[in-house]
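Have a look at the structure that comes next, please.
Worth knowing before you read on, the calculation uses all heavy atoms, side chains too, and leaves out hydrogens, waters and symmetry mates.
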Amino acid sequence: MGEFKHLVFVKFKEGVAVEEVIKGMEKLVKEIDAVKSFEWGQDIESLDVLRQGFTHAFLMTFNKKEDFVAFESHPNHIEFSTTFSAAIENIVLLDFSSNLVKAQA
């Protein structure tokens, strides 16, 4: 079994200071050792009809599912979740064990 991934697609509420939310998320993942890696990006290419209002993607990688469970229950994550939830209009979450087909060269 591969690494465990936590993939989040977000549509932020109008008027939210997105940069501040992202800074908070970056700070959070640096504080919690269970997070192996964290990536995020803002959509710049997709047609509006295809992205359905979602503008940002966040991907956290964990060595195993147990590390993700530890992350979810970490007090800093619980505290940040309140801030994050208040900033989003819509969200899609996918949590999965990854199946790597091609590694980076």
Quick one: are V16 and V21 in side-chain contact, heavy atoms under 4.5 Å? yes
Can you tell me how far apart CG (D67) and OG1 (T61) are? Round to the nearest 0.5 Å. 11.5 Å
Nearest 0.5 Å, what's the NZ-CG distance between K36 and N63? 4.5 Å
With a 3.5 Å cut-off and sequence neighbours excluded, list the donor-acceptor pairs that the side chains of residues 23-32 form with protein atoms.
{"unit_1": "E26", "atom_1": "OE2", "unit_2": "W40", "atom_2": "NE1", "d": "2.9"}
{"unit_1": "K27", "atom_1": "NZ", "unit_2": "E31", "atom_2": "OE2", "d": "2.5"}
{"unit_1": "E31", "atom_1": "OE1", "unit_2": "N76", "atom_2": "ND2", "d": "2.9"}

What about F96 and F4, are their ring centers closer than 6.0 Å? no
Nearest heavy-atom neighbours spanning L7 and D95: N-OD1, 4.4 Å
Mind checking whether F68 and H6 have parallel, tilted or perpendicular rings, split at 30° and 60°? tilted
Check: E72 main-chain N/O paired with H77 side-chain donor or acceptor under 3.5 Å: yes
Could you tell me if the side chain of H56 sits less than 4.5 Å from the side chain of I22, heavy atoms only? yes
Keeping S98 on the side-chain end and E3 on the backbone end, is there a donor-acceptor pair under 3.5 Å? yes
What verdict does the salt bridge (charged side-chain N to carboxylate O under 4.0 Å, His left out) test give for E89 and K11, after you've listed the backbone C-alpha separation in whole Å, the side-chain angles of each residue and the deciding distance to 0.1 Å? CA-CA 6 Å; E89 183 174 320; K11 176 182 181 183; 3.1 Å; yes
Which value, rounded to the nearest 0.5 Å, describes the distance between E20 atom CD and T83 atom OG1? 11.5 Å
Expected output: side-chain K5 to main-chain L59 donor-acceptor under 3.5 Å: no
Would a 4.5 Å heavy-atom cut-off, applied to side chains only, mark V8 and V10 as touching? yes
Within the supplied structure, the quantity of interest is the number of heavy atoms (other residues, nucleotides, ligands) at a distance under 6.0 Å from D43 CG; does it exceed 12? yes
Please state whether the rings of F9 and F54 are parallel, tilted or perpendicular, taking 30° and 60° as the class boundaries. perpendicular
Is it true that L93 and V35 fall in one hydrophobic cluster, defined by side-chain heavy atoms closer than 4.5 Å? yes
Got F12 and N90 here, is their nearest side-chain heavy-atom distance under 4.5 Å? no
